[in-house]
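Comments concern the structure below.
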Amino acid sequence: MSLTTHVSSRPRTLGFLAVAALVLAFVGLMVGPHSVPVTDTLRVFAAMLVGDGDFVGSDAVIYAVQVPRVLVALLVGAGLGVAGAAMQGVFRDPLAEPGITGVSSGAATVAVILIVTGLASSHWLVLPVGAFLGALGALLIVHAYGARAGSTSSLLLSA
C-alpha cells in the first residue's frame, strides 16, 4: 500500500469508527443492569434531544442510569486513547504503554499498600488519589534517573 492510499483512506476509516462508536453507545443504552427495549430507548433519546424532561419508570432508568454510564465510558475511552497516543508520541514507539515507565507498577504498589493497611476504606477518594500519586511518583523517579543519562532509550531502560 502506498502512502497516498493510506492517507486517503484515513478519513473514511475515522468516519466508520465514529459511526461504530455511536451505534455501540446506543446499544449500551439498551443493555446493562436494566435491559430496555429499542422503542423505549429511541423515545427517551428523542425526548432528551427536544428537552422534554418528564422521565418515569424505564425512561428514568435510561435517563438516570444508562446515559451517564455510557457517557462516562465514552469519556474514559477517549482519555485513555489520548494518553496512549501521547505516550507513543513521546517515546516514538508504537508499542509504548504505561508499564514501560513504571506508571502501572507505582499505582499498583500504593493501591496495595492502602488496601492492606486499611486506609483505603477511610474515604472513597483515598484509593484513587493514592494510586495516582504512586503512578506519578514512579514516573518522576524513572524520569529523573533517565534524564541523567540524557536519552529516551536510557529512560526506557531505567524503567
Side-chain angles (χ1 to χ4, degrees), residues 6 10 13-38 40-41 44-45 48-49 53 55-159:
H6 179 67
R10 188 170 294 158
T13 303
L14 290 176
F16 172 77
L17 291 175
V19 169
L22 290 174
V23 168
L24 290 174
F26 185 76
V27 170
L29 292 174
M30 294 183 290
V31 298
H34 304 284
S35 296
V36 182
V38 176
D40 291 350
T41 306
V44 170
F45 192 67
M48 287 173 53
L49 288 176
F55 301 110
V56 293
S58 66
D59 295 355
V61 169
I62 295 170
Y63 182 74
V65 177
Q66 307 290 68
V67 170
R69 182 179 58 86
V70 168
L71 289 177
V72 167
L74 287 171
L75 289 174
V76 168
L80 289 171
V82 169
M87 185 169 276
Q88 290 173 355
V90 166
F91 294 116
R92 295 182 196 97
D93 181 2
L95 300 177
E97 48 93 19
I100 288 177
T101 56
V103 171
S104 299
S105 300
T109 301
V110 172
V112 167
I113 291 170
L114 291 173
I115 291 169
V116 169
T117 60
L119 293 172
S121 61
S122 63
H123 191 272
W124 69 272
L125 276 175
V126 170
L127 189 61
V129 169
F132 175 76
L133 292 175
L136 186 62
L139 181 63
L140 291 174
I141 290 168
V142 170
H143 181 66
Y145 184 76
R148 288 208 270 146
S151 72
T152 304
S153 59
S154 299
L155 173 67
L156 293 177
L157 291 175
S158 68

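The figures that follow rest on heavy atoms only: side chains count, while hydrogens, waters and symmetry mates do not. Each residue takes its place number in the sequence, starting with 1.
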To the nearest 0.5 Å, tell me how far Thr41 OG1 sits from Asp59 CG. 9.0 Å
Inter-residue atom distance Thr109.OG1 - Leu114.CG, 0.5 Å rounding: 11.0 Å
Show the nearest heavy-atom pair for residues Gln66 and Val31, with the distance to one decimal. NE2-O, 3.1 Å
Grab the two heavy atoms, one from Ser104 and one from Gly99, that are nearest each other, plus how far apart they are. OG-N, 3.8 Å
Looking only at heavy atoms, the pair that brings Gly130 and Val110 closest together is O-CG1, 3.1 Å
Pairwise distance OG1(Thr13) to CG(Leu17) - rounded to 0.5 angstrom: 6.5 Å
Non-hydrogen atoms of Ser122 and Leu119 that approach each other most closely: OG-O, 2.7 Å
Are the side chain of Ser121 and the backbone of Gly118 linked by a donor-acceptor contact shorter than 3.5 Å? yes
Which atoms form the tightest heavy-atom contact between Ala120 and Val126, and what is the distance? CA-CG1, 4.1 Å
What pair of heavy atoms forms the shortest contact from Gly106 to Ala138, and how long is it? CA-CB, 3.8 Å
Find out whether Val36 and Leu29 are in side-chain contact, i.e. whether some heavy atom of one side chain is under 4.5 Å from a heavy atom of the other. no
Heavy atoms from other residues, nucleotides or ligands near CZ of Phe26 exceed 12 (cutoff 6.0 Å): yes
